[in-house]
Undergrad: 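One structure coming up, written as structure tokens, with questions to follow.
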There are 2 protein chains.
Amino acid sequence: MALSHAILVTLLDRPHSGYEISKRFDKTVGFFWRARKQQIYSELHKLAEDGLISAEIIEQIERPNRIVYSITADGRKALDHWVREPTPYPSVKEELLVKLFSLGDVETAVLVDQVGQRLAEHRERLAYFHALMKTHYPKPATLTGRKLGHYLGLRCGVLNEESGIAWCTEALGLLETRRRPAAR
Amino acid sequence: MALSHAILVTLLDRPHSGYEISKRFDKTVGFFWRARKQQIYSELHKLAEDGLISAEIIEQIERPNRIVYSITADGRKALDHWVREPTPYPSVKEELLVKLFSLGDVETAVLVDQVGQRLAEHRERLAYFHALMKTHYPKPATLTGRKLGHYLGLRCGVLNEESGIAWCTEALGLLETRRRPAAR
DNA sequence: CTGCTCATGTAATCGGTTACATGATTGT
DNA sequence: ACAATCATGTAACCGATTACATGAGCAG
């Protein structure tokens, strides 16, 4: 019961088609709320049924027709209500840490590889976030409204990746010393 | 397809009943892999059916009987195989950041409250993690095997909470200046 | 007498993923 | 020729949550 809200929030900006929302989720919102296109389409149907969004079919020549959705007054009300509700602590599902619990029964080298792989992913994401920062938010102190919200999301991403990099580095250090117990 | 692995990893340590696993998930593993007891019980049935764990009924007087599960050789093989597979980047579901996207359409004070609440949660968790650190892992440099894995999990928790606190503090700072645009 | 701990489950539902389907246009 | 982009969906399945069920013993 929350992808619907991610969609409503996106529609605050301007009306979108399902396809556009799906594309947008691959960038901005998608970094802290991933969704498949199928789920977006089905969620849009539900939201339209509940009257939280309205649909308008845009006929196109030599292109499939688009269905553009806008948030309704009811949708805004529902969103406002949701924002005021207590926010659950994000449900964590960290496979990598579960894997580390098998240390001692699985070859350490395998775990070292896994952590190394994660480190590379963190670095890649961080670089991407930094690039977005530079092009979109050069002066964060001047931001207001929705733009500030987007900036804070990105900033959270940056801090999380940095923290992830710090952890991976530390973990690799400890694991390496275990791999060669008495090197020399 | 991963709660099963969290259970298998737990059984590496020693045999557990469903109830014990459920309790244990509330502490250690549960910080990066939460699961309801119902799900644990049904997962245990599946694992036993697949022969990855074996069940033994312990009859108890004046207490409900316990079913204690142990990991089998097949279970160890399956676990080893899973650990070697590429680890997907954790699926993020951060409602708080989605809520921040509504900045400009929802009262800023509401968002300030939400971030403040999250900050308190981060601090609480960090304090708990620090306490666990002190009592269980006073000398991390000497840890080996499974113990090291557990330590690294906790360490990841500490870093994440610290990063969360840093973000909340920054966010509150930026939000506060917006709330009173020209204080003075 | 209220609520907690021990101990295991069923049933319904919801949210999310994977696979499958269609079909024209544009770029390499 | 082949892949990618635009554009929308259905169906099957899996994983997770919520509600409901049972029942004894013990502490406040």
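Predicted, not measured: the structure shown is a model, and the values here were computed from it. Proteins come first, then strands; the chains are lettered A, B, ... in the order of their sequence lines, and each starts at number 1.
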Undergrad: Can you list everything that forms a ring-ring contact (aromatic ring centres under 6.0 Å, His included) with A/Phe129? Sequence neighbours excluded, please.
TA: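 By the ring-ring contact (aromatic ring centres under 6.0 Å, His included) rule, A/Phe129 matches A/Phe31.
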Undergrad: Would A/Lys46 and A/Glu49 pass as an ion pair if we require N to O under 4.0 Å?
TA: no
Undergrad: OP1 or OP2 of C/dG15 versus the side-chain N and O atoms of B/Lys93: is any pair under 4.0 Å?
TA: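 For B/Lys93, the contact criterion (side-chain N or O under 4.0 Å from OP1 or OP2 of C/dG15) is not met.
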Undergrad: Atom CZ of A/Arg66 and atom C1' of D/dG9: how far apart are they, to the nearest Å?
TA: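 Rounding to the nearest Å, CZ of A/Arg66 and C1' of D/dG9 are 17 Å apart.
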Undergrad: Residues in ring-ring contact (aromatic ring centres under 6.0 Å, His included) with B/Phe32, at least two apart?
TA: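 Once residues adjacent in sequence are excluded, the partners of B/Phe32 under the ring-ring contact (aromatic ring centres under 6.0 Å, His included) criterion are A/Phe101.
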Undergrad: Applying ring-ring contact (aromatic ring centres under 6.0 Å, His included), can you list everything that pairs with B/Tyr137, at least two apart in sequence or on another chain?
TA: B/Tyr151
Undergrad: The side chain of A/Ile67 is closest to which nucleotide in this list: D/dT8, D/dA16, C/dT8?
TA: D/dT8
Undergrad: Measure the distance from CD on B/Glu20 to C1' on C/dA7 and round it to the nearest whole Å.
TA: 11 Å
Undergrad: Would you verify whether the NZ or CZ of B/Arg34 falls within 45 degrees of the ring axis of B/Phe25 while also being under 6.0 Å from that six-membered ring's centre?
TA: no
Undergrad: Under 4.0 Å between a Lys/Arg side-chain N and an Asp/Glu carboxylate O for B/Glu20 and B/Lys23?
TA: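 Judged by the 4.0 Å cut-off on N to carboxylate O distance, B/Glu20 and B/Lys23 do not form a salt bridge.
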Undergrad: Among residues 24-51 of chain B, which residues get a heavy atom nearer than 4.0 Å to DNA chain C?
TA: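 Of all residues in residues 24-51 of chain B, the ones placing a heavy atom under 4.0 Å from DNA chain C are B/Lys37, B/Gln38, B/Tyr41, B/His45.
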Undergrad: Between the axis at one end of the helix from C/dC1-D/dG28 to C/dT28-D/dA1 and the axis at the other (five pairs apiece), what's the angle to 10 degrees?
TA: 40°
Undergrad: Using a cut-off of less than 4.0 Å, is there contact between a side-chain N or O of B/Tyr19 and OP1 or OP2 of C/dC6?
TA: yes
Undergrad: Roughly, in whole Å, what's the span from CD1 in A/Ile21 to C1' in D/dG9?
TA: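 To the nearest whole Å, that distance equals 15 Å.
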Undergrad: In terms of side-chain geometry, is the basic nitrogen of B/Arg84 or B/Asp80 positioned less than 4.0 Å from the acidic oxygen of its partner?
TA: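 Looking at B/Arg84 and B/Asp80, the cut-off is met.
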Undergrad: Please report, rounded to the nearest Å, how far the C1' atom of C/dT8 is from the CD1 atom of B/Ile58.
TA: 15 Å
Undergrad: If the condition is ring-ring contact (aromatic ring centres under 6.0 Å, His included), which residues does B/Tyr41 pass it with, not counting sequence neighbours?
TA: none
Undergrad: Reading DNA chain C from 5' onward, which residue's closest nucleotide shows up sooner: B/Val68 or B/Ser91?
TA: B/Val68
Undergrad: Write down the distance between CD1 (A/Ile57) and C1' (D/dA7), rounded to a whole number of angstrom.
TA: 13 Å
Undergrad: Is the side chain of A/Gln114 donor-acceptor paired with the backbone N or O of B/Val83 at a distance under 3.5 Å, no angle test?
TA: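 Checking the backbone N and O of B/Val83 against the side chain of A/Gln114, a donor-acceptor pair under 3.5 Å is found.
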